[in-house]
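Report on the structure given below.
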4 protein chains.
Amino acid sequence: MCPKIVDREAKKLEILQAALQVFSQKGISNTKMIDIARAASIGKGTIYEYFSSKEDIFITGFHQFFAGYDEMISNAIKKQDHPSEQLKVLIHVSLEAIFEEQKDFIGILMDFWAEGIRSKDNSMEDAIHLKEMYQNYRMMIRQIIDRGIAQGVFRPIDSMAFASFLLAAIDGLMLQWVMEPELFDMKQIAESLCDGMLNGIRN
Amino acid sequence: MCPKIVDREAKKLEILQAALQVFSQKGISNTKMIDIARAASIGKGTIYEYFSSKEDIFITGFHQFFAGYDEMISNAIKKQDHPSEQLKVLIHVSLEAIFEEQKDFIGILMDFWAEGIRSKDNSMEDAIHLKEMYQNYRMMIRQIIDRGIAQGVFRPIDSMAFASFLLAAIDGLMLQWVMEPELFDMKQIAESLCDGMLNGIRN
Amino acid sequence: MCPKIVDREAKKLEILQAALQVFSQKGISNTKMIDIARAASIGKGTIYEYFSSKEDIFITGFHQFFAGYDEMISNAIKKQDHPSEQLKVLIHVSLEAIFEEQKDFIGILMDFWAEGIRSKDNSMEDAIHLKEMYQNYRMMIRQIIDRGIAQGVFRPIDSMAFASFLLAAIDGLMLQWVMEPELFDMKQIAESLCDGMLNGIRN
Amino acid sequence: MCPKIVDREAKKLEILQAALQVFSQKGISNTKMIDIARAASIGKGTIYEYFSSKEDIFITGFHQFFAGYDEMISNAIKKQDHPSEQLKVLIHVSLEAIFEEQKDFIGILMDFWAEGIRSKDNSMEDAIHLKEMYQNYRMMIRQIIDRGIAQGVFRPIDSMAFASFLLAAIDGLMLQWVMEPELFDMKQIAESLCDGMLNGIRN
DNA sequence: GATGAATGAGCCTTCATTCAT
DNA sequence: CATGAATGAAGGCTCATTCAT
């Protein structure tokens, strides 16, 4: 709470934002410390006042990125009451919000993905936990479905399998969007996905 | 056609296979030229007799990998006549065959994906064409659907959108499988996907 | 004489003590300015209010260390009157006192030694004068011997050579003690050295 | 025995010699890899083909240096039969030979010494074993003495203590010689040391 | 053709020193 | 005066590529 700490935290965040920016543009393994320093308008050495290594920046960025993502979706869901609406919101936010609010950072999502997958054979495995992140996401979906089933608005489907398919569809669509943004109208795609999914499970 | 050339081509392929093997195990950016050389049981310098650079190996490997993938699917489809069967086969082969026949190479798929996406901001863009590969894949699906519609076995849906969704589901499921292979029984997942997709479009 | 100046000098000394402490523990080239600052419970920048550089600290510490050493021995000798006793005291103090009174600082002696020797090919040569320190020490011994010879208590030996040998023995024994303190009982060693030396020159 | 190995070993030795040369001139911690490379007339990276790190060079050099020293002394002793002669030879070789045959490398002895002592608080302790080297040296002396006592040529003194004193004298004299080479005539000093030591123990 | 020894550009990281507060 | 955040020069090390044999 003392001003020093606030300043340091703020600056650390600033550097992190700069790093995410650069990661997004050049890819993680192509990003040099000097790039981050320049992006943050600081000296190369200053980065090490706030992060212990390049990997530290990556991991911190990774978590911040997904924490923000999670929070965005959680918040959106909490505002809804009805399971159908919650599912709609989840799909829409997952696919749309990120492009609107963090359009610049979409490249990095793919990078984090790749690195996260790669981290299985890595020293980073303990720090990355992409698996757990997916589990959380899957759980979020399952709970919506299960509540919907309990309330009788959804048919008694295998909520786990459904969650996996929905997750797969969202990720897969993102992947295609990244490659050809001009080909996809995300809003419409999201709408279609909602329709398809809800039609399939509505009672 | 002279034997020398055949030999050269054969050796180039051998190196490529070795490279793919190593890429698969260590990730592309963690693979050193010496690793490839050792895997191919040749000298480090010899690689440069067949490839101009590490990037050349990557790009050639990239294309060979996806060409093989494409061919596998194309061949499987050709053996079928009925659009429903073709769709089934496409899904099964896409999800299963790769794991069965190239189980060792699954890691590399993710890597190529990541690099392919990354190549958008890269000098490699002209050489990678991940976009075109996706287009081809999408087209394969569209043609099946369109023929099915023409034959009256499928409802007159938006075949392009359908292809995108199917592609998305396949990619997304793969992604999840890579992270938690033990969680997914691919055969069953593929079956479910077939059912869901075909039910949605069958006339 | 104004209090400010006294304060400054006192603080400078405080920092120097802290520096010697750290030098002793970590070795000189492994000691960072931040270590000294922390040991002195001051800010890193504050050191530069009292010393112009790390080298300045080293040199000042070097001189203070040996000045203290010299003073200790000189004082001990002055309390004695008889040359034999003076020689005994010199040997005992040289070998024992430092371990008893400055046990913590024994590591640093070796470090200063090494740096002092190294300084021959160094920019520090002008500041270190290890050679002169040895000369002083040798002189101290010579004067005792010469007085002893004059008084007829010692045989008319080559006092310079004797001083060198005694110095050599003291340094060499220290060196061995540093490596294996548990192997040597300094008090006993000192006693033996006294006996041997005095026997050799006593009239 | 195959030529490759011979060449590699020869080159490794060449680099080591160059490194020792530079160590000797600039001190170990002031020696940069580029200095060694230039001294060996090779590229910076080439060093790493033969040594894994700067520390590796230091440790290898350290051992080679002392191994050479040991061998020189052992060989000289073996040529003598009588304990008195062996002791004489040991003293002379220890003090003289190194200056004559490796005059250029005398600076490095001090450096290795300093580093060896410092290594007590170091990760290098396991690799350096300065303590063991001293033990070996001490043992060499003890065996000569013990044999002399057994043969009745030496008085029944404490051979361990004697060895320590002799060692101390040798090291201490070296130390002074390094600082003021012009002040000492090593041959004469060695002669005096022989006389003193032998007189003290001869039966 | 095949090889692996040699290379040096380029990277991450450290740390003595500076300077605005 | 005191401070510690900021700095950038410098160093150890890696590795894709070259080239003499």
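Chain identifiers are assigned alphabetically (A, B, ...) following the order of the sequence lines, protein sequences preceding nucleic acid strands; residue numbering begins at 1 within each chain.
If you measure from atom NZ of D:Lys26 to atom P of F:dA10, you get 13 Å, rounded to the nearest angstrom. Distance, A:Lys11 NZ to F:dA6 C1': 7 Å, rounded to whole Å. Rounding to whole angstrom units, CZ of residue A:Arg8 and C1' of F:dT3 are separated by 13 Å. As rounded to whole Å, 14 Å separates atom P of F:dG12 from atom CG of D:Asp56. We find that CD of D:Glu14 is positioned 15 Å from P of E:dA5, with the value rounded to whole Å. Atom CD of D:Glu9 and atom P of E:dA5 are 12 Å apart (whole Å). A straight line from CD of B:Glu49 to P of E:dT3 spans 9 Å, rounded to a whole angstrom. Atom C1' of nucleotide F:dA16 and atom CD of B:Glu55 are separated by 12 Å, given to the nearest angstrom.
Judged purely by atom type and a 3.5 angstrom limit, C:Asn30 has no side-chain atom pairing as donor or acceptor with the backbone of C:Gly27. In this structure, the side chain of A:Arg38 does not engage the main chain of A:Lys44 through any donor-acceptor pair within 3.5 Å. Of the possible donor and acceptor atoms, none in the side chain of A:Thr46 sits under 3.5 Å from a partner among the backbone N and O of A:Ile42.
Positionally, the nearest nucleotide of DNA chain F for A:Ser41 lies more toward the 5' end than for the other of D:Ser52 and A:Ser41.
The two atoms that bring A:Phe58 and A:Phe23 nearest to each other are CA-CE1, 4.0 Å, heavy atoms only.
Residues B:Leu16 and B:Tyr50 have side chains not in contact (no heavy-atom distance under 4.5 Å, counting atoms from C-beta outward). A 4.5 Å side-chain heavy-atom check between D:Gln25 and D:Thr31 finds every atom pair outside the cut-off. By the 4.5 Å heavy-atom criterion applied to side chains, D:Lys11 and D:Glu49 are not counted as neighbours. Counting heavy atoms from C-beta outward, D:Met133 and D:Phe62 have side chains that approach closer than 4.5 Å.
Among the protein residues, D:Phe51 comes within range of no part of the nucleic acid, since none of its heavy atoms lies under 4.0 Å from any strand.
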Can you name the atoms? Protein N/O to nucleotides 8-12 of chain E N/O, anything below 3.5 Å, with the distance.
| from | atom 1 | to | atom 2 | distance (Å) |
| --- | --- | --- | --- | --- |
| E:dG8 | N7 | D:Gly45 | N | 3.3 |
| E:dA9 | N6 | D:Lys44 | NZ | 3.2 |
| E:dG10 | O6 | D:Lys44 | NZ | 2.6 |
| E:dC12 | OP1 | A:Lys54 | NZ | 3.2 |
| E:dC12 | OP2 | A:Met33 | N | 3.1 |

Can you run through DNA chain F from 5' to 3' and write each base as (, ), [, ], | or . depending on how it pairs? Watson-Crick or G-U wobble, both distances under 3.5 Å. .||||||||||||||||||||
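Set against F:dA6, E:dA2, E:dA6, the side chain of B:Tyr50 has E:dA2 as its closest nucleotide.
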For side chain to side chain contact (heavy atoms under 4.5 Å, CB included), just list the numbers for D:Met33 and D:Ile57, CA-CA rounded to whole Å, side-chain angles, deciding distance to a tenth of an Å, and then say yes or no. CA-CA 10 Å; D:Met33 294 307 272; D:Ile57 300 180; 3.9 Å; yes
